[in-house]
Amino acid sequence: MLDIAPYLVRPGEPAGLDSRDSQSKHGYEGGKADGEAALAVLTARLADLQIRLWAESRQKLLVVLQAMDTGGKDGTIRHVFSGVNPQGVRVWSFGVPNDVELAHDYLWRVHRLTPGNGAITVFNRSHYEDVLVVRVRGLVPEHRWRKRFDHIVQFERMLVDEGTTIVKVFLHISEDEQRKRLQARLDEPDKRWKFAAGDLESRKRWDDYTEAYEDALTSTSTVDAPWYVVPADRKWYRNLVVSSILIRTLQDMDPQYPESSPELDGLVID
Ligand code: AMP
Ligand code: MG
């Protein structure tokens, strides 16, 4: 398992995206093959922790996953959770809100999908879009989205107070890496389905998105619901870091199998 401390956005300190290297391996000496072998070990560990969480059924984990387009959210979910029992993990993806969602406050659609006891829930995009794309594209005026940092901190604190553990992960890619990945989506027939024309518009606003992310991560990384900025230009390293973050978080939760009744000891089924 990797040391995840370098990736934490320390509460009260700037996220400092421009000084974080999206290609970094932070001293990890291995290459891709080593990283993939290491991930297989971590995946088994994650599966074990997930079963305990499910069996204990008293705690719950919310994983918020954010990234620029092509940042690797889908691939991260696919790799990091491979080998984990699908029954205990829910993934919810949040796209452009529909009319009913828009008729409500922006937390309405996410709140009802937060995890219940024993579950791990992954938000593939989240309520953070409401201070990111909404801000960059001017979908609501600043006096409204600005207040949302505060709402979000309070909302997450409420979830934590009521028994949810929250961990938030930003997959950090460089502008050049995004260029390569978008190009690959155009060039490789099997990847074309992922290409959205709107991605090019967003790419033009790279600096605005970076600024919005910088503000969002800085304003909402708390002791209770911390953000991690994961170097994500190398997919295999990204997977190792995300897996390590989840394992560390679940280890701290320390889920236990429920105590079995002593009456079961020595019982023989005939
Ligand atoms: P994808 O994740 O590639 O399926 O794209 C989903 C799209 O939905 C992205 O372009 C997001 O920016 C957009 N989206 C997600 N949440 C919101 C929101 N609250 N308001 C507007 N657009 C959103
Ligand atoms: Mg997309």
Side-chain angles (χ1 to χ4, degrees), residues 17 62-81 89-114 121-153 155-156 168-175 177-217 219-220 227 230 232-233 235 238 242:
L17 289 180
L62 173 62
V63 182
V64 171
L65 200 52
Q66 286 286 156
M68 301 276 206
D69 294 324
T70 76
K73 300 188 301 304
D74 299 305
T76 299
I77 293 167
R78 197 168 63 243
H79 285 101
V80 167
F81 288 100
V89 180
R90 290 257 160 78
V91 180
W92 298 109
S93 300
F94 294 97
V96 178
N98 64 28
D99 288 346
V100 178
E101 290 166 345
L102 282 174
H104 291 78
D105 69 85
Y106 66 98
L107 293 175
W108 181 78
R109 69 170 179 166
V110 293
H111 192 180
R112 67 188 192 90
L113 298 176
T114 53
T121 291
V122 182
F123 281 178
N124 180 355
R125 301 190 193 267
S126 65
H127 44 298
Y128 283 92
E129 293 293 324
D130 293 281
V131 289
L132 294 164
V133 63
V134 164
R135 166 179 178 171
V136 171
R137 296 187 47 209
L139 302 179
V140 308
E142 174 164 359
H143 70 85
R144 268 181 66 199
W145 61 252
R146 256 257 168 244
K147 290 188 187 146
R148 292 180 175 178
F149 296 136
D150 202 34
H151 304 153
I152 289 172
V153 168
F155 168 64
E156 292 176 353
K168 301 179 291 193
V169 172
F170 172 60
L171 304 178
H172 183 213
I173 57 166
S174 66
E175 197 175 359
E177 181 64 22
Q178 188 192 57
R179 181 187 59 72
K180 290 182 196 153
R181 293 186 187 182
L182 283 173
Q183 191 66 53
R185 287 183 180 185
L186 289 172
D187 294 347
E188 296 173 34
D190 291 355
K191 288 190 175 170
R192 276 247 168 129
W193 64 275
K194 289 197 213 170
F195 185 82
D199 293 351
L200 296 182
E201 284 308 306
S202 305
R203 180 166 171 74
K204 287 188 197 142
R205 314 290 299 271
W206 179 271
D207 291 344
D208 295 335
Y209 274 101
T210 301
E211 188 187 355
Y213 266 109
E214 177 72 28
D215 277 358
L217 302 182
S219 307
T220 64
W227 274 108
V230 172
D233 282 358
K235 295 174 182 174
R238 164 203 82 194
V242 174

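Note that ligands are numbered from 1 as they come in the structure, with each ligand's atoms numbered from 1 the same way. Just so it is clear, the values below take in all heavy atoms, side chains as well, and ignore hydrogens, waters and symmetry mates. These numbers were taken from a predicted model, which means no experiment stands behind them.
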Candidates E101, R109, K73, M68; heavy atom nearest atom 16 (N) of ligand 1 found on R109
Exercise. So, is V96 polar-close to ligand 1, with some N/O to N/O distance under 3.5 Å?
Worked result: yes
- Query: Right, does atom 19 (N) of ligand 1 have protein non-hydrogen atoms nearer than 4.0 Å?
  - Reply: yes
Only residue of V63, L65, L217, V64 satisfying side chain to side chain contact (heavy atoms under 4.5 Å, CB included) with K168 is V64
| D74 vs K194, salt bridge (Lys or Arg N to Asp or Glu O under 4.0 Å): CA-CA, chis, key distance, verdict | CA-CA 11 Å; D74 299 305; K194 289 197 213 170; over 6 Å; no
Fill in: Pair R125 + D69: basic N to acidic O under 4.0 Å
yes
Paired with Y128, the ring-ring contact (aromatic ring centres under 6.0 Å, His included) test is passed by just one of W227, F94, F170, Y213, namely W227
Open item on the list: Once you measure the plane-to-plane angle for H127 and F123, does it fall in the parallel (<30°), tilted (30-60°) or perpendicular (>60°) bin?
Closed with: perpendicular
| request: Identify whether the distance between the nearest side-chain nitrogen and carboxylate oxygen of R137 and E201 falls below 4.0 Å. | output: no
So for V134 against ligand 1, with non-hydrogen atoms under 4.0 Å, the contacting part is side chain
In this structure, atom 22 (N) of ligand 1 is nearest to the protein heavy atom V133 CG1, 3.6 Å
In ligand 1, the atoms that come under 4.0 Å of a heavy atom of D130 are 19 (N)
Ranked by distance from atom 3 (O) of ligand 1, the top protein heavy atom is R125 NH2, 3.8 Å
Tell me whether E129 has any N or O atom under 3.5 angstrom from an N or O of ligand 1. yes
State whether the side chain of R148 and the backbone N or O of D130 hold a donor-acceptor pair below 3.5 Å, judged by distance alone.
yes
Could you check whether any heavy atom of P97 sits closer than 4.0 Å to an atom of ligand 1, since that is the contact criterion I want to use?
yes
Within 4.0 Å of some non-hydrogen atom of G95, the atoms of ligand 1 are 6 (C), 8 (O), 14 (N), 15 (C), 16 (N), 17 (C), 23 (C)
